[in-house]
Amino acid sequence: NIGGAEEISIFDLACRVLHVTGSPSPIVRVSYEEAYPGGDFEDMRRRVPCTCKILRLVGWSPVTPLDDMIRATARFEEQAARTDARQLLLPQGSLPVLQG
């Protein structure tokens, strides 16, 4: 996961996912204390990915808009729910045969 040029909060991302997918799911806010009761987890409050180093090293930069990534992920999840997950990762017939 490298990131992209668009900075977005988790709440705004959740809203965007609901909008793009048309999902009626509710957004439930949970405090850090409730989500991580041990108290030993600390997350960054703000992430601003910089892709300048990967661009310089390998010439890659993000080009897929966030809404397109959300749609692609939703399609994958729908397909995975209907399909044996192994078929999503390997070409048909390429599963190893165990002999014993």
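Worth knowing before you read on, the calculation uses all heavy atoms, side chains too, and leaves out hydrogens, waters and symmetry mates.
Separation of atoms CG (Asp12) and CD (Glu6) is listed at 9.5 Å; rounding is to 0.5 Å. The CD1 atom of Ile10 lies 11.5 Å from the CZ atom of Arg29; values are rounded to the nearest 0.5 Å. Between the CD atom of Glu77 and the OG1 atom of Thr73 there is a distance of 7.5 Å, given to the nearest 0.5 Å.
Partners of Glu34 by salt bridge (charged side-chain N to carboxylate O under 4.0 Å, His left out), not counting sequence neighbours: none found. In this structure Ser23 satisfies the side chain to side chain donor-acceptor pair (under 3.5 Å) test together with Ser25, sequence neighbours excluded. Considering only residues two or more places apart in sequence or on other chains, Arg71 meets the salt bridge (charged side-chain N to carboxylate O under 4.0 Å, His left out) condition with Asp68. Glu7 pairs by the salt bridge (charged side-chain N to carboxylate O under 4.0 Å, His left out) definition with Arg46, not counting sequence neighbours.
Residue Ile8 belongs to a hydrophobic cluster whose other members are Leu13, Val17, Val20, Leu66, Met69, Ile70, with links defined by side-chain heavy atoms closer than 4.5 Å. Listed by chain and number, the hydrophobic cluster partners of Phe11 are Leu18, Ile27, where partners are ILVMFWY side chains within reach of under 4.5 Å, directly or through others.
Nearest heavy-atom pair across Ala74 and Thr21 is CB-CG2, 3.9 Å.
Put simply, Leu55 and Leu57 are part of two different groups of oily side chains (I, L, V, M, F, W, Y) that touch within less than 4.5 Å, one to the next.
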